[in-house]
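These numbers come from a predicted model, not from an experiment. Chain letters run A, B, ... following the sequence lines, proteins first and then strands; every chain starts at 1.
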There are 2 protein chains.
Amino acid sequence: MAKNCNFIEKLRELGLRPTKQRVKMCEVLFNREKTFHFTINDLVKMISEEMNEKISLATVYNTVHAFEKKGYLKEISINSDKSYFDTNTSVHHHFYDEDTHELIDCDENDIDPVNIKKNITGKKINSVEVLVKVESDNQNQKKFN
Amino acid sequence: MAKNCNFIEKLRELGLRPTKQRVKMCEVLFNREKTFHFTINDLVKMISEEMNEKISLATVYNTVHAFEKKGYLKEISINSDKSYFDTNTSVHHHFYDEDTHELIDCDENDIDPVNIKKNITGKKINSVEVLVKVESDNQNQKKFN
DNA sequence: AATCTACATTATAATAATTCTAAACTGTTG
DNA sequence: CAACAGTTTAGAATTATTATAATGTAGATT
């Protein structure tokens, strides 16, 4: 769909210099049909699979945070040892599969809007996130220990 | 309220040896009117303030996880660099103050139950958590930069 | 096109949270 | 009270992330 030159233009619009590392990361992150979730580690793997040259880990962190600050990535809250990011930056909720550690988007229609009747005085709401933790439902399959 | 001997008895019931470290941690965590939130760091500080002897960091981690596994502590999801725990293990939601990094219980009546209309097939729901991120609402107070 | 400069990248070190390890210690059981 | 399994401990190891400081480069200026 979008070609490199588009990313170059887009980066410039955002006030980010279109370095080859950033353009590459745009391709990996945004040049696809569907949005997806990833950890920094996932992303490093994806990049190295699609590339002969390597992008430094520090650059991956820097660029992910730059894209996040510009609103093109969203960090997702999971109590875990690592951060998850989402290329879907719209307001939506998640299932988290505790078996596979996979993060899955909730369809907008699958969870009714959360009704917050009372907020904390003097504070404004920045975001409302629902995290539904799920696990395989194998009643038959007993664990050995 | 509950005295040491009660904690000793309680620990034994749970199949946890009532070592002096565990009893001490019970006092710090559960011997109070209100439930509260803490990080491991907070807890270590609380313990050292109330004690002449120290409890090893590894033991604090071990014991917190033991209590969590037994269902007397709950880990709370916040995208952050550290884990938050809650001595309130009932189903309830949270406000997270992004200014102060404070975690505040939602009153049960302040958020309507979350209605999940469609789950993932073959999976059972372990938990549903709402996290409402808030920030001070000072329209008047402009930021310099 | 050569030069300049602020912004970027990089390898590496540093930090922080957490887990692992293996030795020493201690409730509990017989 | 002896024995053993479960615990604690200090410190090392691991993992995720951020900081540092030298080098590289995009884009403006000459």
Going 5' to 3' through nucleotides 9-22 of chain D, assign each nucleotide B (protein heavy atom under 4.0 Å from a base atom), S (under 4.0 Å only from sugar-phosphate atoms) or - (no protein heavy atom that close).
BB-----SBBB---

Among all residues two or more places apart in sequence or in another chain, which pass the side chain to side chain contact (heavy atoms under 4.5 Å, CB included) test with [X]?
X: T63(A); result: R22(A), M25(A), T59(A), F67(A)
X: T39(A); result: N41(A), D42(A), K82(A), Y84(A)
X: T121(A); result: none

Between atom [atom1] in [X] and atom [atom2] in [N], what is the gap in whole Å?
X: R22(B); N: dG6(D); atom1: CZ; atom2: P; value: 11 Å
X: M25(A); N: dT10(C); atom1: CE; atom2: P; value: 11 Å
X: L11(B); N: dG6(D); atom1: CG; atom2: C1'; value: 14 Å
X: E13(A); N: dA26(D); atom1: CD; atom2: P; value: 19 Å
X: H101(B); N: dA17(C); atom1: NE2; atom2: C1'; value: 16 Å
X: I8(B); N: dT26(C); atom1: CD1; atom2: C1'; value: 14 Å
X: E53(A); N: dT9(C); atom1: CD; atom2: P; value: 13 Å

Under 4.0 Å between a side-chain N or O of [X] and OP1 or OP2 of [N]?
X: R17(B); N: dT8(D); answer: no
X: R12(B); N: dT28(C); answer: yes
X: T19(A); N: dT9(C); answer: yes

If you look only at distance, which donor and acceptor atoms sit under 3.5 Å apart when one is on a side chain in residues 49-56 of chain A and the other is two or more places apart or in another chain?
{"from": "S56(A)", "atom 1": "OG", "to": "A58(A)", "atom 2": "N", "distance (Å)": "3.2"}

Give me each pair satisfying salt bridge (charged side-chain N to carboxylate O under 4.0 Å, His left out) with a member in residues 67-76 of chain B, each pair once, sequence neighbours excluded.
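Residue pairs passing salt bridge (charged side-chain N to carboxylate O under 4.0 Å, His left out), neighbours aside: none found.
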
Between the two ends of the helix from dA1(C)-dT30(D) to dG30(C)-dC1(D), what is the bend in degrees, rounded to 10 degrees, where each end axis spans five pairs?
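End-to-end axis angle for the helix from dA1(C)-dT30(D) to dG30(C)-dC1(D): 20°, rounded to 10°.
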
Minimal non-hydrogen separation, L29(A) against T87(A), with atom names
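Shortest heavy-atom contact: O-CG2, 3.9 Å.
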
Can you say whether the rings of F38(A) and F85(A) are parallel (under 30°), tilted (30 to 60°) or perpendicular (over 60°)?
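The rings of F38(A) and F85(A) lie parallel, inter-plane angle below 30°.
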
Under the salt bridge (Lys or Arg N to Asp or Glu O under 4.0 Å) test, which residues partner K117(B), sequence neighbours left out?
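Scan of K117(B) (salt bridge (Lys or Arg N to Asp or Glu O under 4.0 Å), adjacent residues dropped) gives D112(A).
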
Go through the structure and list residues passing ring-ring contact (aromatic ring centres under 6.0 Å, His included) with Y61(A), not counting sequence neighbours.
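By the ring-ring contact (aromatic ring centres under 6.0 Å, His included) rule, Y61(A) matches no residue at all.
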
